[in-house]
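Take a look at the structure below.
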Protein chains: 2
Amino acid sequence: MYEFELCPRFEKAVGLLSQRWTALILYQLMSGPQRFCTMTEKLGVNGKTLTERLKELEQQEFVIRAVYPETPVRIEYSLTEKGMALTPIMREIEAWSKQWM
Amino acid sequence: MYEFELCPRFEKAVGLLSQRWTALILYQLMSGPQRFCTMTEKLGVNGKTLTERLKELEQQEFVIRAVYPETPVRIEYSLTEKGMALTPIMREIEAWSKQWM
DNA sequence: TAAAGTTAGTTACATAAAGTAAGTAACTTA
DNA sequence: TAAGTTACTTACTTTATGTAACTAACTTTA
């Protein structure tokens with residue numbers, strides 16, 4: 001019934017960034033690999049939601065999960081090339097927020 | 001209990017764009033002033049949510065509401081300078097989506 | 001070697017946000 | 001005067017998110 005005249009790729013990209021926490025998770029990972037617990041603390045996101053988001057981001061190849069079988073086990077999340085490519089968007093948001101917020 | 005180490009302005013900006021529909025509404029308005037009904041049709045957003053979003057965006061001075069007492073009445077929403085300043089962000093999202101989506 | 005600690009989650013339940021569909025109000029045209 | 005248009009609002013349902021306690025695997029300490 002509705003006409004979707006927007007570019008579907010753009011809509012999909014916005015849909016991704018519009019999901020709560022997703023943009024902040026990606027931004028956080030831009031400063032380097034991070035562990036689960038660090039991310040919950042730094043972002044204030046609850047564990048359940050972070051689990052969901054990281055799984056989605058892993059499936060969509062924004063994020064890689066690396067397991068280091070140390071003592072205790074260390075699991076680190078980091079950005080793929082696709083994820084890294086979001087950096088210019090974040091830089092623009094930063095620039096805008098500095099000027100207008 | 002949590003440490004928020006992110007720049008609060010950046011967080012606020014991301015929070016704005018992370019709200020469902022907000023980014024698409026702003027993007028839609030970048031192509032010029034729009035009426036309520038046009039926006040519901042083009043975006044597929046329901047009236048209640050569009051009302052809420054437009055009120056928020058008006059309060060935060062991203063959007064101006066103009067009433068034209070014609071027959072029938074015409075109400076148009078358009079971007080303020082603050083709203084227009086979001087264009088580079090949208091352009092980056094567009095560029096990214098073309099390459100990676 | 002058993003208790004306590006650390007890490008990365010999961011589960012059950014409560015609350016908040018968003019969606020749907022029908023309704024309202026002001027006005028005009030046929 | 002009935003029907004149409006526009007811009008919403010309201011009541012109700014569904015979905016998403018949050019909280020807090022729990023599990024599982026492993027290690028350190030007493």
Side-chain angles (χ1 to χ4, degrees), chain A residues 1-4 6 11-12 14-29 32-60 62-79, chain B residues 1-4 6 11-12 14-29 32-60 62-79:
Chain A
M1 206 55 44
Y2 293 117
E3 308 165 40
F4 289 97
L6 291 165
E11 242 185 305
K12 210 176 157 191
V14 166
L16 178 91
L17 298 173
S18 285
Q19 260 206 307
R20 196 166 178 195
W21 299 114
T22 301
L24 290 178
I25 291 165
L26 291 166
Y27 182 74
Q28 194 62 48
L29 289 175
Q34 309 264 329
R35 331 175 53 153
F36 188 92
C37 62
T38 319
M39 299 180 81
T40 59
E41 281 163 20
K42 285 198 179 168
L43 299 176
V45 59
N46 71 82
K48 185 191 168 189
T49 306
L50 184 58
T51 303
E52 281 174 21
R53 291 295 180 274
L54 286 172
K55 273 185 186 163
E56 286 164 18
L57 290 172
E58 210 191 333
Q59 278 184 340
Q60 296 184 261
F62 287 93
V63 161
I64 303 171
R65 194 183 111 121
V67 183
Y68 300 94
E70 297 173 357
T71 307
V73 67
R74 191 173 97 239
I75 292 180
E76 279 188 349
Y77 294 90
S78 54
L79 292 180
Chain B
M1 205 54 46
Y2 294 115
E3 306 166 41
F4 290 96
L6 291 165
E11 242 184 306
K12 211 178 156 190
V14 167
L16 178 91
L17 298 173
S18 285
Q19 261 205 307
R20 195 165 179 196
W21 299 114
T22 301
L24 290 179
I25 290 165
L26 292 166
Y27 181 76
Q28 194 63 46
L29 289 174
Q34 308 263 331
R35 331 176 53 153
F36 188 92
C37 59
T38 319
M39 299 180 81
T40 58
E41 281 162 21
K42 285 199 178 168
L43 298 176
V45 59
N46 72 82
K48 185 191 170 190
T49 306
L50 185 58
T51 302
E52 281 175 21
R53 291 296 180 272
L54 286 172
K55 274 186 186 162
E56 287 166 16
L57 290 172
E58 209 191 333
Q59 278 185 341
Q60 294 185 263
F62 287 93
V63 161
I64 304 171
R65 194 184 113 119
V67 182
Y68 300 94
E70 296 172 1
T71 306
V73 68
R74 192 172 96 238
I75 293 179
E76 279 188 349
Y77 296 90
S78 54
L79 292 179

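Proteins come first, then strands; the chains are lettered A, B, ... in the order of their sequence lines, and each starts at number 1. The basis for the numbers below is simple: all heavy atoms, side chains too, and nothing from hydrogens, waters or symmetry mates.
Between A/Tyr68 atom OH and C/dT7 atom P there is a gap of 17 Å when expressed in whole angstrom units. At whole-Å resolution of the value, CD1 in A/Ile25 and P in D/dT17 are 11 Å apart. Atom CZ of B/Arg53 and atom P of D/dC8 are 16 Å apart (whole Å). Look at CD on B/Gln19: it is 9 Å from P on C/dA17, rounded to the nearest Å. Rounded to whole angstrom, the span from the CD1 atom of B/Ile75 across to the P atom of C/dA25 amounts to 17 Å. The distance between atom CG of A/Asn46 and atom P of D/dA16, rounded to the nearest whole Å, is 15 Å. If you measure from atom CD of B/Glu52 to atom P of D/dT9, you get 10 Å, rounded to the nearest angstrom. Rounded to whole angstrom, the span from the CG atom of A/Leu43 across to the P atom of D/dG18 amounts to 12 Å.
Comparing C/dT10, D/dA7, C/dT7 by their closest approach to the side chain of B/Val73 singles out D/dA7. For A/Phe36, taking side-chain heavy atoms from C-beta onward, the closest of the listed nucleotides C/dA18, D/dT17, C/dG9 is C/dG9. Out of D/dT9, C/dG9, D/dA7, the shortest distance to the side chain of B/Arg35 is found at D/dA7. Taking only side-chain atoms of B/Thr51, from C-beta outward, the nucleotide of D/dT9, C/dG19, C/dA8 with the closest atom is D/dT9. Listed candidates were C/dA18, D/dT17, C/dG9. Nearest to the side chain of A/Arg65 is C/dG9. Ranking D/dC8, C/dT7, D/dG18 by closeness to the A/Trp21 side chain, first place goes to D/dG18.
Under 4.0 angstrom from either OP1 or OP2 of C/dA18 there lies no side-chain N or O belonging to B/Thr49. In this model, the phosphate group of C/dG19 is approached by a side-chain N or O of B/Arg20 to a distance below 4.0 Å at OP1 or OP2.
Nearest-nucleotide positions on DNA chain D for A/Glu70 and A/Gly47 put A/Gly47 closer to the 5' end. Where A/Glu76 and A/Lys48 each meet DNA chain C at their nearest nucleotide, the meeting point lying more 5' is that of A/Glu76.
A salt bridge links B/Arg53 to B/Glu56: at least one charged side-chain nitrogen sits closer than 4.0 Å to a carboxylate oxygen.
Between A/Glu76 atom CD and A/Arg65 atom CZ the span is 12.0 Å, to the nearest 0.5 Å. For the atom pair CD1 (A/Ile25) and CE (A/Met39), the distance works out to 5.5 Å, reported to the nearest 0.5 Å. Separating the CG atom in A/Leu24 from the CG atom in A/Leu17 is a distance of 10.5 Å, to the nearest 0.5 Å. We find the OH-CZ distance between B/Tyr68 and B/Arg35 to be 10.5 Å, quoted to the nearest 0.5 Å.
At a threshold of 4.0 angstrom between heavy atoms, the contacts of B/Tyr77 are confined to the sugar-phosphate backbone, with no base atom among them. Nucleic acid contact for A/Arg74: none, since no nucleic acid atom lies under 4.0 Å from a heavy atom of the residue.
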